[in-house]
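Proteins come first, then strands; the chains are lettered A, B, ... in the order of their sequence lines, and each starts at number 1.
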Protein chains: 2
Amino acid sequence: MPTSDGPPTVETIAARAGVSIASVSRVLNGHGARPNTVRRVEQAAAELGYVPNGVARSLKGGRTRQLTFAMPDVGNPAYVSMVRQIQAVTKPLGYRLLLHSTDAVAEDELDVVRSLADRTSDGLILCPIRVTDAHMEVLARAARPVVVIGSLPGTAAVDSVRADSVSGTVLAVRHLMECGRRRIAFINGPADTVPGRNRLIGYETALREAGAVPDPELIVTTDFGIEAGARAAHRLLDAHPGIDSVFCANDQLALGAAHAAHDRDLRIPEELAVVGMDDSELARAGHPALTSVDLGSAERGRIAAEMLVARLDGGRHEVRCETVAPRLSVRESTTGARTRTAAGVS
Amino acid sequence: MPTSDGPPTVETIAARAGVSIASVSRVLNGHGARPNTVRRVEQAAAELGYVPNGVARSLKGGRTRQLTFAMPDVGNPAYVSMVRQIQAVTKPLGYRLLLHSTDAVAEDELDVVRSLADRTSDGLILCPIRVTDAHMEVLARAARPVVVIGSLPGTAAVDSVRADSVSGTVLAVRHLMECGRRRIAFINGPADTVPGRNRLIGYETALREAGAVPDPELIVTTDFGIEAGARAAHRLLDAHPGIDSVFCANDQLALGAAHAAHDRDLRIPEELAVVGMDDSELARAGHPALTSVDLGSAERGRIAAEMLVARLDGGRHEVRCETVAPRLSVRESTTGARTRTAAGVS
DNA sequence: GTGAAAGCGCTAACAA
DNA sequence: TTGTTAGCGCTTTCAC
């Protein structure tokens, strides 16, 4: 019998209510019991401020009611919106959310998947920076259900949700052409990632479908970031003053490009139209507000969470792979529509 | 003895290595054992891909190596930078981070503290929107160490880290006066919070210390957000065209104010200087880049994490309460210095 | 309807 | 050095 100190346990409650620990457990879990027993147990529990030990429960039940979300960077708005949606789905279901920032280190990603074997989490949503063979191997042996946000080889037996950055880029470049732009530059992020390659494909596709020939001179590859975007834009504009628009691989780059334009006294969009990607809060922060392609981070987060809980609750349904369609948010950085902000007056 | 299916346990390893489960545990935890025993256990564990069950470990040890961070809003950049710093401190120490978004609901905050009793987390960093008597009561009975990021009554027996929004505001307003501004408007966030009240105090203090008289007409209270900031600025400028500068309670509001200025063709900073607060990425995103007061979110996160782990590892040292000094980041929205972005040329 | 007892997987005290 | 054993706090048979 436990001594008086330490937090109350089923035994403490049982002793106080004058019943067995089995009855305590039953009452607390809403299984059948005589009204009198129920009353006494509940009263004892209330008086002692009893809270069941979640760890013991997990050990017995084999489930922790914890889910893990692993992504490259907590600070990135795209991942933040995923976190928010995942929370929205899982919290009402009583799951806690474990956050893991991998800092884009592949080995760290693999470790997260491997550590599912420690039974500390019921499932994982993984957002890898790049999917390698090692990833596929580790994912195949994962001790718990995993949903990947990103593109997997067709053969993979893992649920996944992917963005369509090819179509997203096509959307952006097509929009610029419809606005009458012809010399469209492209500031891309790291090219050795799946999205990086896909954006390039989309850029070239959109130009070709309009009968234009992509000019490699108008393409710059750089790291993500406002500063990097400004630098890249200056470089492009120094070398090719004829550029009339620029598509950027994310909103930070686009804001940097906008800063560069301002510095050179180029009017946006009259002399340089700018399009970003991700449609984060930053897009609305810029001046003029940035046209931006939303790759559906929020929706991918929501879908991934739904897939994971379905896999957890439900039976062994087949592997799912969904693709989220991109959406273009048109704002002043391409149309020049001078809206009086938040007042609805042109 | 466990059957062949299911993940391997100490017993599985013990059987395979031909030793007892105690030896398995010892070897795996680096306690003494004969070289031959070590080798056999390690080999068996490796062959079976054994990973210790973390839940069982936690039940035995009474510690989960999990920490919880509860804040009002995952999307807010200030909290995001706290998350990042908390991770930076706790991850190397082998703690997992449980994220909890309270959506600024007080009852949810209380529940987080109460749920520490379920033994599922070793400690909590709580970022309450407003500290009520109920908070103090619940905090006093917390089952695990808690560090609060925010202002607590002096009597509280809880570790805490607070920002100094009075001094932060003074910094901003004083800076504007040093820039020669005299009609300084103030767009404040919700006034019924501690920071809201403190900013007001700071605003009035800074004006009075310069011999000026605060004009209530130049103060607007509103919700946070870019749109809200734009609306408030328009309202102020409509009523008081003589305003030459505006201090805003966060960067979103300031960006909104900047948009309003652009819409009215007011040059920043020549005709309207703008100062924000939080010094988030948004400040650098604006054009011109925003001068902003950093209240030290990142540092508060780091300190809170350090306090918590100290409380966890260490003995029962006395209650700590630290205050983080604000810092002003001066940019073009007040100085007008036309820097060629990312090129270092004026 | 209720109680006694087994056991989830692990660590550590105690014996040998 | 090693093995046996007792729990950590809970849920759940299985008898009664």
Side-chain angles (χ1 to χ4, degrees), chain A residues 1-3 5-42 44-45 48-65 115-122 143, chain B residues 1-42 44-45 48-65 116-122 143:
Chain A
M1 189 178 73
T3 58
D5 46 0
T9 71
V10 272
E11 256 183 281
T12 326
I13 308 299
R16 186 173 187 111
V19 298
S20 74
I21 62 169
S23 288
V24 174
S25 177
R26 276 187 219 108
V27 169
L28 264 24
N29 289 291
H31 300 313
R34 202 186 322 169
N36 184 38
T37 309
V38 173
R39 198 182 44 69
R40 288 164 62 189
V41 169
E42 283 177 344
L48 293 169
Y50 172 73
V51 177
N53 182 318
V55 178
R57 252 193 187 161
S58 294
L59 180 58
K60 190 94 246 280
R63 296 189 352 252
T64 56
R65 303 218 65 97
S115 73
L116 284 171
D118 76 4
R119 259 58 205 171
T120 241
S121 173
D122 293 347
Chain B
M1 189 176 73
T3 58
S4 60
D5 45 0
T9 71
V10 271
E11 259 185 277
T12 326
I13 307 299
R16 184 171 188 115
V19 299
S20 73
I21 61 169
S23 288
V24 174
S25 177
R26 276 186 220 108
V27 169
L28 265 24
N29 290 292
H31 301 313
R34 204 187 321 170
N36 185 38
T37 310
V38 173
R39 199 181 42 69
R40 288 165 60 189
V41 169
E42 283 177 345
L48 294 167
Y50 171 74
V51 177
N53 182 318
V55 178
R57 242 184 197 173
S58 294
L59 180 58
K60 186 91 245 271
R63 296 189 351 249
T64 56
R65 302 219 64 97
L116 284 171
D118 77 4
R119 258 60 203 172
T120 240
S121 173
D122 292 349

Sort me out a list of protein N/O and nucleotides 3-5 of chain C N/O pairs below 3.5 Å, or just none if empty.
residue : atom : partner : partner atom : Å
C/dG3   : OP2  : A/S20   : N            : 3.0
C/dG3   : OP2  : A/S20   : OG           : 3.0
C/dG3   : OP2  : A/S23   : OG           : 2.7
C/dG3   : N7   : A/R26   : NH2          : 3.0
C/dG3   : O6   : A/R26   : NH2          : 2.7

Task: Near-strand residues of residues 54-61 of chain A, defined as heavy-atom separation under 4.0 angstrom from DNA chain C - done: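 Nucleic-acid contacts, sorted: A/L59, A/K60.
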
- Query: For C/dC10, does OP1 or OP2 lie under 4.0 Å from any side-chain N or O of B/Y50?
  - Reply: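 For C/dC10, OP1/OP2 do have a side-chain N/O of B/Y50 under 4.0 Å.
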
Just to confirm, is there a sub-4.0 Å distance from OP1 or OP2 of D/dC8 to any side-chain nitrogen or oxygen of A/N53?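 For D/dC8, neither OP1 nor OP2 has a side-chain N or O of A/N53 closer than 4.0 Å.
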
- Query: Taking the side chain as C-beta and beyond, is there a heavy-atom pair between A/L48 and A/I13 under 4.5 Å?
  - Reply: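 Side-chain contact under 4.5 Å: yes.
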
Pairwise side-chain contact, A/T9 with A/N53, heavy-atom cut-off 4.5 Å (strictly under):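 Side chain of A/T9 against side chain of A/N53, heavy atoms only: no contact under 4.5 Å found.
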
Note to self: Just verifying a value: how many Å separate A/L59 CG and B/R57 CZ, rounded to the nearest 0.5 Å?
What the structure shows: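 Rounded to the nearest 0.5 Å, the CG-CZ separation comes to 13.5 Å.
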
Roughly how far apart are A/S121 OG and A/R63 CZ, rounded to 0.5 Å?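 These two atoms lie 12.5 Å from each other.
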
**Asked** DNA chain D: A/N29 or B/R34, which has the more 5' nearest nucleotide?
**Response**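 By nearest-heavy-atom nucleotide position, the 5'-most residue is B/R34.
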
Q | Angle by which the axis turns from one end of the helix from C/dG1-D/dC16 to C/dA16-D/dT1 to the other, five pairs per end, to 10 degrees | A |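 One end's axis against the other's: 50°.
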
What are the two closest non-hydrogen atoms of A/G32 and A/R26, and how far apart are they?
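Nearest pair, atom of A/G32 first, then A/R26: O-CD, 4.0 Å.
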
For the pair made of [atom1] in [X] and [atom2] in [N], what is the distance, rounded to whole Å?
X: A/H31; N: C/dG1; atom1: NE2; atom2: P; answer: 13 Å
X: A/E11; N: D/dA6; atom1: CD; atom2: C1'; answer: 14 Å
X: B/R40; N: D/dG3; atom1: CZ; atom2: C1'; answer: 14 Å
X: B/L28; N: C/dA12; atom1: CG; atom2: C1'; answer: 15 Å

Return a table of donor-acceptor pairs under 3.5 angstrom between the side chains of residues 35-42 of chain A and protein atoms on other chains or two or more places apart.
residue : atom : partner : partner atom : Å
A/N36   : OD1  : A/R39   : NH2          : 2.9
A/R40   : NE   : A/A17   : O            : 3.2
A/R40   : NH2  : A/A17   : O            : 2.7

*With sequence neighbours left out, what residues match B/S25 under side-chain contact (heavy atoms from CB on, under 4.5 Å)?*
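With sequence neighbours excluded, B/S25 shows a side-chain contact (heavy atoms from CB on, under 4.5 Å) to B/N29, given in chain and number order.
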
List for me each residue that meets side-chain contact (heavy atoms from CB on, under 4.5 Å) alongside B/T64, sequence neighbours excluded, and say none if there are none.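 A/V55, B/S58, B/Q66, B/D122.
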
